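Small disclaimer: the values here were computed from a predicted structure and weren't measured. Order of the sequence lines fixes the chain letters, A, B, ..., with proteins taken first and strands second; residue numbering starts at 1 for each chain.
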Amino acid sequence: MEGRRIGVYVCHCGLNIAGTVDVEEVAKYAATLPSVVVSRDYHYMCSDPGQALIKDDIKECGINRVVVASCSPRMHELTFRNACQDGGLNPYLLEHTNIREHCSWVHEDKAAATEKAKALVRAAVKRVYYHEPLEVKEAPVNPNVLVVGGGIAGMQAALDIANGEHQVYLVEREPSIGGHMIQLDRTFPTLDCSECILTPKMAEVGHHPFIELLAYSEVEEVSGSIGQFKVKVRKKARYIDESKCVGCGVCEEKCPWKVPSEFEMGLAMRKAIYIPFAQAIPNVVTIDKDLCVYIQSGGKKCGACIKFCEANAVTPETLLNQSDQIVELEVGSIIVATGYDQFDPSVVPQYGYKKYDNVLTGLEFERITCAAGPTGGKILLKDGTEPENVAIIHCVGSRDQNYHEYCSRVCCMYGLKYAYLIKELTGADVYEFYIDMRCFGEGFEEFYKRISEEGIKFIRGKVAKVTDVAITEEEKGKLIVVAEDTLLGSMVRVPVDMVILCAALESRSDADKVASLFGLNRRADGFFLARHVKLDPVATPTDGIFIAGCCEAPRDIPDTVAQAEAAAAKALSLISKGKITLEAAVATVDEAQCQGCGRCEEICTFHAPKVISKNGVMVSTINETLCKGCGACAVACPTGAISIRHFTQEEILAQVGALIEV
Amino acid sequence: MAEFEPQIIAFCCNWCTYAAADLAGTSRVHYPPNVKIVRVMCSGMVNPIYVLKAFESGADGVLVAGCNLVDCYYLDGPVKCDAMFAILKKLVHILGLEDERLRREMISASEGVVFARVVEEMVEGLKKLGPAPFKVKKGAVV
């Protein structure tokens with residue numbers, strides 16, 4: 001460690017520091033410390049003349065290590081690193097110690113504060129002695145972007161990026177894009193038709209020259225890191241020739257095999273060869289392999305679709321020989337917008353879902369009111385008659401310690417929308433059973449007020465049960481909603497014909513698989529964790545992977561669109577910079593000491609260390625693009641082979657050992 | 001004789017507790033000058049050796065503090081820190097130090113007041129406990 005020449009700069013910060021700390025004395029004291037060749041105090045070190053002191057001393061006094069004692073490094077470390085760099089010194093040869101926030105501002109006794117400042121400077125001098133120059137590395141960014149999920153979030157993000165003329169791959173696992181939003185009838189609080197506002201966007205996605213749509217596909221494998229991801233996508237076989245299919249629907253008409261339609265929430269049937277809904281993008285048929293008798297019989301039975309397809313898109317060849325394809329993509333960033341699942345209310349047995357015919361979930365009711373839905377938009381009971389009274393139960397699975405503690409954010413508003421539609425279309429009496437009305441968005445409170453004035457009955461209280469056991473003449477043949485009206489303080493029994501359950505939005509049932517695929521983390525409630533809930537809401541722990549929409553938390557359409565645009569902006573800013581700066585203070589392995597035990601691999605949250613064979617010896621290597629420099633591996637390493645640059649054991653032990661004067 | 005002034009070394013993570021101490025400063029929340037902070041990037045970075053070194057070099061108490069479980073910059077640093085801390089507690093016990101000399105806290109960046117309160121509590125507690133037995137007196141022959 002020969003040749004260390006340390007310069008120490010103690011800042012007055014006007015009277016902010018000098019008011020409590022004898023700055024001159026600290027500077028004088030620093031001059032007496034080993035290897036210190038220059039020690040100065042100055043009014044404002046962060047000012048241009050202050051920084052010039054450092055730059056000049058690097059040139060004139062040949063200092064090669066710098067200690068600045070001033071404010072918090074969280075404020076000005078970068079300023080002084082840049083000053084070092086401008087002076088021709090590696091920026092990591094600076095040690096910044098905090099004698100303002102951690103000293104002058106929090107202590108009153110000038111002598112004690114001065115002693116503490118001296119100790120902090122002494123420790124910084126000891127530590128900077130061991131600082132080594134670090135190289136700030138850069139890596140290029142592939143401008144292509146992968147968007148996973150073709151709901152409104154994924155479509156919006158894809159369009160924003162593609163409109164900037166960057167290539168987007170949009171992967172959707174269902175046969176068509178559209179997500180949950182295309183299943184909705186109208187959107188609150190404006191009551192505009194969901195399909196009408198969404199289908200133009202879907203068409204735009206389908207035709208965009210910069211979007212390659214991979215519908216009916218799933219991401220299988222993701223490797224690499226920010227800027228350079230390699231992705232394998234399984235394009236599932238539709239058993240038809242997509243390039244020839246014109247979506248005329250004749251095959252669908254002729255196909256004799258039916259199952260409940262997923263898109264219609266099981267309220268209508270679809271065929272074995274099907275287009276999930278009229279405006280599907282891409283507008284091509286898909287064959288349900290398990291249901292297709294031709295495929296299952298090896299070509300011996302049926303074949304109606306082959307006979308009737310004029311475009312020659314369905315042939316014995318496509319039906320019997322087509323298989324899944326693996327598409328390999330290279331992208332620089334990934335936006336995960338995989339959406340939500342609707343909570344299954346049959347796990348709350350007291351609400352009678354799946355037990356009573358006319359107990360529906362929100363999404364089922366959306367299909368019923370939709371003009372293109374199974375009832376042609378008529379609100380009908382299972383027996384085909386119109387309901388005379390309907391109960392809407394809020395917070396089913398939400399705000400419930402037995403299921404999900406969180407609020408699903410959209411149920412109050414769609415509950416009000418249903419009340420409006422029922423009143424408008426049938427004139428039935430509507431009862432809203434709610435815990436609290438949470439109408440917080442733009443136009444929400446106004447909508448609530450409007451609905452309240454239309455004769456809807458609001459009952460504040462959690463529903464105890466839905467039953468068909470009548471105790472009065474009036475209740476016979478009805479579903480009776482039993483609840484406590486907490487405003488009256490009494491139990492109520494309300495006989496109705498139909499019950500709509502405002503079921504919670506919950507994380508996807510396969511969210512764990514998606515999380516491990518993309519290196520995401522899940523919160524206790526199952527949704528994906530953002531990098532910072534307030535200040536970095538679309539970034540994730542894995543650099544270059546962003547999240548948007550309901551996979552992050554329940555939210556309505558405007559919030560989802562805003563978040564998708566935020567994620568797109570993040571991806572675009574990466575593309576626009578074209579390169580990434582890698583954290584310099586990352587883990588490094590001393591291969592001579594490493595035993596290849598793999599403890600580092602186990603403990604790292606970011607999958608940065610990997611034990612590989614080097615000339616037949618197992619050693620750990622660090623992927624510096626993934627490493628965040630948290631230091632967990634260095635603590636875990638049993639042989640001490642791993643250290644964190646800029647936070648090495650030598651550095652920290654030197655600092656700790658010098659803090660207390662004995 | 002002057003009152004015993006315990007020396008405390010606090011290992012604070014850059015993102016939360018160090019920032020909390022910064023906030024205590026900007027809010028001018030006063031606390032005793034007995035504490036000196038070592039900035040680490042993550043509470044999970046604190047090697048038990050660092051804490052032992054602190055005691056060896058004369059600390060009467062050591063604080064290891066970082067983010068809460070929910071707002072860790074590195075996601076699960078506090079979990080790793082807790083695992084390390086459990087081992088550390090045993091080590092310190094074997095060395096014959098009182099449990100109160102070693103403290104683990106999770107203090108978020110918004111909790112400047114909490115940081116100040118923790119320091120005050122530690123100083124009070126350590127004053128009652130007296131100097132750590134390892135403290136080497138100036139000029140003593142070791």
Passes side chain to side chain contact (heavy atoms under 4.5 Å, CB included), A/Lys116 versus B/Val35? Steps please.
CA-CA 9 Å; A/Lys116 178 169 169 178; B/Val35 66; 4.1 Å; yes
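- Neither the backbone nor the side chain of B/Ala116 comes within contact range of chain A, judged by heavy atoms closer than 4.5 Å.
- Environment of NZ in B/Lys90: sparse, with no more than 12 heavy atoms of neighbouring residues, nucleotides or ligands closer than 6.0 Å.
- Annotation for A/Lys126: atom NZ does not count as buried by contact number, only 12 or fewer foreign heavy atoms lying within 6.0 Å.
- Between chain B and the residues A/Ala658, A/Gly657, A/Ala113, the largest count of heavy-atom pairs under 4.5 Å involves A/Gly657.
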Run the numbers on B/Val29 and A/Trp105 for side chain to side chain contact (heavy atoms under 4.5 Å, CB included), then give the verdict.
CA-CA 8 Å; B/Val29 179; A/Trp105 276 351; over 6 Å; no
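- When atom types are taken as modelled, the side chain of B/Lys80 and the backbone of A/Cys633 share no donor-acceptor pair closer than 3.5 angstrom.
- Smallest separation of non-hydrogen atoms from A/His102 and B/Ala21: NE2-CB, 3.3 Å.
- The candidate from B/Ala83, B/Ala24, B/Pro33, B/Gly44 with the greatest count of non-hydrogen atom pairs under 4.5 Å with chain A is B/Pro33.
- Ranked by non-hydrogen atom pairs under 4.5 Å with chain A, the options B/Gly25, B/Ser27, B/Cys81 are led by B/Gly25.
- Residue B/Trp15 comes nearest to A/Arg74 through the heavy atom pair CA-NH1, 3.7 Å, listed as atom of the first residue, atom of the second, then distance.
- With a 4.5 Å cut-off on non-hydrogen atoms, A/Asn16 touches chain B through its side chain but not through its backbone.
- Within the 4.5 angstrom heavy-atom criterion, atoms from both the backbone and the side chain of A/Gln649 approach chain B.
- With a 4.5 angstrom heavy-atom cutoff, A/Arg100 does not touch chain B via any of its atoms.
- No donor-acceptor contact under 3.5 angstrom links the side chains of A/Asn521 and B/Asp76, judged on distance only.
- For B/Asn34, no part lies near chain A; criterion is any non-hydrogen pair under 4.5 Å.
- With a threshold of 4.5 angstrom between heavy atoms, A/Ile603 approaches chain B through its backbone and through its side chain.
- Expressed to the nearest 0.5 Å, how far NZ of B/Lys36 lies from SG of A/Cys103 amounts to 9.5 Å.
- In this structure, A/Cys630 and B/Cys42 approach most closely via the heavy-atom pair O-CB, 3.5 Å.
- In this structure, CD on A/Glu101 lies 8.5 Å from CZ on B/Arg28, to the nearest 0.5 angstrom.
- B/Val38 and A/Ile652 make their closest contact through CG1-CG2, 4.5 Å (heavy atoms, listed as atom of the first residue, atom of the second, distance).
- One distance of note links CD of B/Gln7 with CD of A/Glu661; it measures 10.0 Å at 0.5 Å rounding.
- Comparing A/Glu77, A/His646, A/Met75 by how many heavy-atom pairs each has under 4.5 Å with chain B, the most go to A/Glu77.
- Side-chain contact between B/Ser57 and A/Ile660 is absent, with no heavy-atom pair separated by less than 4.5 Å.
- Closest of all the heavy-atom pairs between A/Ser72 and B/Tyr18 is OG-CE2, 3.7 Å.
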Which is it for B/Asp22 and A/Asn98 under the side chain to side chain contact (heavy atoms under 4.5 Å, CB included) test, yes or no, and what are the steps along the way?
CA-CA 9 Å; B/Asp22 278 1; A/Asn98 186 343; 3.1 Å; yes
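- Interface residue A/Leu653: backbone and side-chain heavy atoms are both found under 4.5 Å from chain B.
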Steps toward side chain to side chain contact (heavy atoms under 4.5 Å, CB included) verdict (B/Leu75, A/Leu529):
CA-CA 9 Å; B/Leu75 297 165; A/Leu529 179 71; 3.1 Å; yes
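- Nearest heavy atom pair, residue B/Pro32 against residue A/His107, reads O-CE1, 3.4 Å.
- Within 6.0 Å of NE2 on B/His30 lie more than 12 heavy atoms contributed by other residues, nucleotides or ligands.
- Contact tally against chain B (heavy-atom pairs below 4.5 Å) for A/Ala634, A/Pro73, A/Ala119: the top residue is A/Pro73.
- The line from OG of A/Ser643 to CG of B/Asn47 is 11.5 Å long, rounded to the nearest 0.5 Å.
- Between B/Pro48 and A/Val635, the closest side-chain pair of non-hydrogen atoms falls below 4.5 Å.
- Contacts between B/Leu23 and chain A at a heavy-atom distance below 4.5 Å are absent for every atom of the residue.
- Between A/Glu95 and B/Arg39 no salt bridge is recorded (no basic side-chain N to carboxylate O distance below 4.0 Å).
- Residue B/Phe11 touches chain A through its side chain alone, counting heavy-atom pairs closer than 4.5 Å.
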